Structure formats: structure tokens, C-alpha cells
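One structure below.
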Amino acid sequence: MAQPPPDVEGDDCLPAYRHLFCPDLLRDKVAFITGGGSGIGFRIAEIFMRHGCHTVIASRSLPRVLMRGFTMLTTVVSNS
């Protein structure tokens with residue numbers, strides 16, 4: 001079975017991020033991400049936020065999305 005790259009093994013924020021596109025590509029845009037508490041939705045929300053997007057995250061698990069959202073927000077802001 002293939003192993004995921006080390007930077008996406010869990011639902012932690014990326015330790016480093018290189019902008020493939022212009023860093024402010026999504027500045028002042030709004031995205032509503034469903035399933036953003038984990039997995040692909042979490043990673044999409046993180047990347048959108050790193051590109052300046054105002055991001056709304058929805059999840060079936062309020063505790064998970066609150067914890068992940070806080071982690072993501074503090075990581076993205078501190079790395080900006």
C-alpha cells in the first residue's frame with residue numbers, strides 16, 4: 001500500500017507552503033468549504049486561506065472543526 005507524503009500524514013497544517021500561484025490569488029474572495037474538519041476539505045481550506053481567501057468551514061463535528069479551524073488560523077496567520 002502506498003504511503004502518503006510526510007507533510008499530509010495527518011490533519012496537521014502544512015509545515016511549509018510554496019505558492020504555486022500568485023500568493024494573493026484568492027484575496028477578498030469567499031469560499032464555503034463543507035467537510036473542512038478533516039481530510040481533503042481541511043487541506044483545501046488551509047490552501048485557500050494561505051492565498052488570502054475568507055474561508056467558511058462546515059463540518060458535522062463542531063468540536064473537530066473548532067479545534068482544526070483554530071489550529072489552521074494560527075498557523076496560516078503566523079506563517080504569513
Side-chain angles (χ1 to χ4, degrees):
M1 182 173 188
Q3 295 297 319
D7 63 337
V8 293
E9 188 168 315
D11 283 336
D12 295 327
C13 290
L14 296 170
Y17 179 71
R18 286 187 338 217
H19 289 93
L20 181 60
F21 301 103
C22 178
D24 62 350
L25 177 71
L26 299 173
R27 184 154 321 276
D28 297 328
K29 304 290 185 201
V30 176
F32 187 87
I33 312 252
T34 57
S38 64
I40 294 170
F42 174 82
R43 191 67 64 214
I44 290 170
E46 178 186 2
I47 300 300
F48 278 23
M49 289 174 71
R50 288 180 184 269
H51 281 278
C53 188
H54 300 285
T55 307
V56 178
I57 304 169
S59 175
R60 291 182 292 171
S61 172
L62 181 60
R64 179 188 297 160
V65 79
L66 288 174
M67 181 179 65
R68 298 290 186 212
F70 178 76
T71 301
M72 188 182 325
L73 182 62
T74 56
T75 301
V76 170
V77 169
S78 67
N79 290 335
S80 295

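Note that the structure is predicted; figures quoted are calculated from it, not measured. The first residue in the sequence is number 1, and the count goes up from there.
S59 approaches V65 most closely through the heavy-atom pair CB-CB, 3.7 Å. Heavy atoms only, all atoms of each residue included: T55 and A45 are closest at CG2-CB, 4.0 Å.
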Name every donor-acceptor pair, under 3.5 Å, that has one atom in a side chain of residues 23-33 and the other anywhere in the protein, sequence neighbours excluded.
none

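Between the CD1 atom in I57 and the CD1 atom in I44 there is a gap of 11.0 Å [rounded to 0.5 Å].
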